[in-house]
Amino acid sequence: MKCFNHTEREAVATCQKCGKGLCKECAEKYTPCMCDTCAEQTRKNQQQQAQNKEEQRKQKYKDALVDTRGEFIKTAVIGIVVASIWIWYSYHNQQGLHEDYGLGDWFGMFFVAFCIPFGWKVLTYLQSFIPISIFGTWWFWIIYTAVKACLSALVGIPAFFISL
């Protein structure tokens, strides 16, 4: 049998993929022993598999980080309701006091309250990595909820902008 690439040389090996005869020079090019065509095809397949794996990894992280538009709208509506209740409560409690809140104060309170649902959502996601016992006293759950609500106001502002 003669070498597929060099017809004047005797074949000393065969391609592992297609069985073409290869001379000593051609047989030493690739490990395992393959002809140029099969080696190129194998390299392309490996690159395609690596690219597909990388795309799947990126898509997995995008899916984990990016909310759907409907989820964003739902959270924003909840934020508007929370902010409206907070502003209404603050305004009605202010009637007996002689403090005047400026427009900036009201806007700031609205924005922070608006962001609470976004922060709550992020903290709930992070909480999934930390097991919290389902058993506890009522006081534990009241304090836990209050602390989570306060942290939600702080975490919610960057969470809102990331969700955009």
Side-chain angles (χ1 to χ4, degrees), residues 15-18 29-164:
C15 175
Q16 299 289 330
K17 299 277 185 183
C18 65
K29 281 185 184 178
Y30 307 105
T31 303
C33 186
M34 287 189 276
C35 66
D36 293 333
T37 307
C38 292
E40 182 65 23
Q41 186 63 36
T42 301
R43 185 187 63 77
K44 284 181 182 178
N45 288 344
Q46 289 173 344
Q47 283 179 339
Q48 185 65 35
Q49 288 174 352
Q51 184 179 8
N52 289 344
K53 190 174 181 179
E54 180 65 19
E55 287 174 10
Q56 288 174 351
R57 185 189 67 80
K58 286 180 181 178
Q59 188 61 41
K60 177 183 167 188
Y61 286 111
K62 283 181 184 178
D63 292 343
L65 295 175
V66 178
D67 286 338
T68 63
R69 184 171 293 184
E71 188 70 23
F72 177 81
I73 291 170
K74 181 180 85 174
T75 307
V77 168
I78 293 170
I80 290 170
V81 170
V82 169
S84 299
I85 291 170
W86 188 7
I87 295 296
W88 179 83
Y89 180 76
S90 297
Y91 180 75
H92 286 290
N93 280 347
Q94 178 198 5
Q95 296 297 331
L97 303 175
H98 294 289
E99 292 180 27
D100 286 329
Y101 288 116
L103 182 62
D105 296 327
W106 291 113
F107 180 74
M109 286 180 8
F110 182 84
F111 187 73
V112 169
F114 175 79
C115 291
I116 287 174
F118 289 94
W120 190 276
K121 194 167 159 185
V122 168
L123 291 176
T124 301
Y125 171 73
L126 294 176
Q127 177 185 331
S128 67
F129 297 109
I130 303 169
I132 295 181
S133 174
I134 59 172
F135 302 106
T137 64
W138 284 98
W139 287 110
F140 168 77
W141 289 108
I142 291 170
I143 292 170
Y144 168 77
T145 304
V147 168
K148 187 174 178 182
C150 292
L151 285 175
S152 294
L154 298 174
V155 172
I157 295 171
F160 169 72
F161 287 112
I162 290 171
S163 295
L164 291 176

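Atoms considered below: every heavy atom in the structure, side chains included; atoms not considered: hydrogens, waters and symmetry mates.
- Across all non-hydrogen atoms, the minimal contact from F118 to A159 is O-CB, 3.9 Å.
- Between K148 and C150 there is no side-chain heavy-atom pair separated by less than 4.5 Å.
- With sequence neighbours left out, E54 forms a salt bridge (Lys or Arg N to Asp or Glu O under 4.0 Å) with R57.
- With sequence neighbours excluded, no residue satisfies salt bridge (Lys or Arg N to Asp or Glu O under 4.0 Å) with K17.
- Listed by chain and residue number, nothing satisfies the side chain to side chain donor-acceptor pair (under 3.5 Å) test with Q16 (two or more places apart in sequence, or in another chain).
- In this model, a donor atom of one side chain and an acceptor atom of the other lie less than 3.5 Å apart for Q48 and N52.
- Contacts of V147 classified as side-chain contact (heavy atoms from CB on, under 4.5 Å), with partners at least two apart in sequence or in another chain: I143, L151.
- If you take NZ on K44 and CD on Q51, they are separated by 13.0 Å, rounding to the nearest 0.5 Å.
- Relative orientation of the W141 and Y144 rings is perpendicular, given thresholds of 30° and 60° on the angle between their planes.
- Across W120 and A149, no two heavy atoms sit closer than the pair CZ3-N, 3.7 Å.
- Separating the SG atom in C115 from the NZ atom in K121 is a distance of 12.5 Å, to the nearest 0.5 Å.
- The nearest pair of heavy atoms linking I116 to S152 is O-CB, 3.5 Å.
- Legend: residues meeting side-chain contact (heavy atoms from CB on, under 4.5 Å) with K29, ordered by chain and number and at least two apart, are D36.
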Step-by-step side chain to side chain contact (heavy atoms under 4.5 Å, CB included) determination, C15 to C33: CA-CA 6 Å; C15 175; C33 186; over 6 Å; no
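- The side chain to side chain donor-acceptor pair (under 3.5 Å) search around Q47 returns R43, not counting sequence neighbours.
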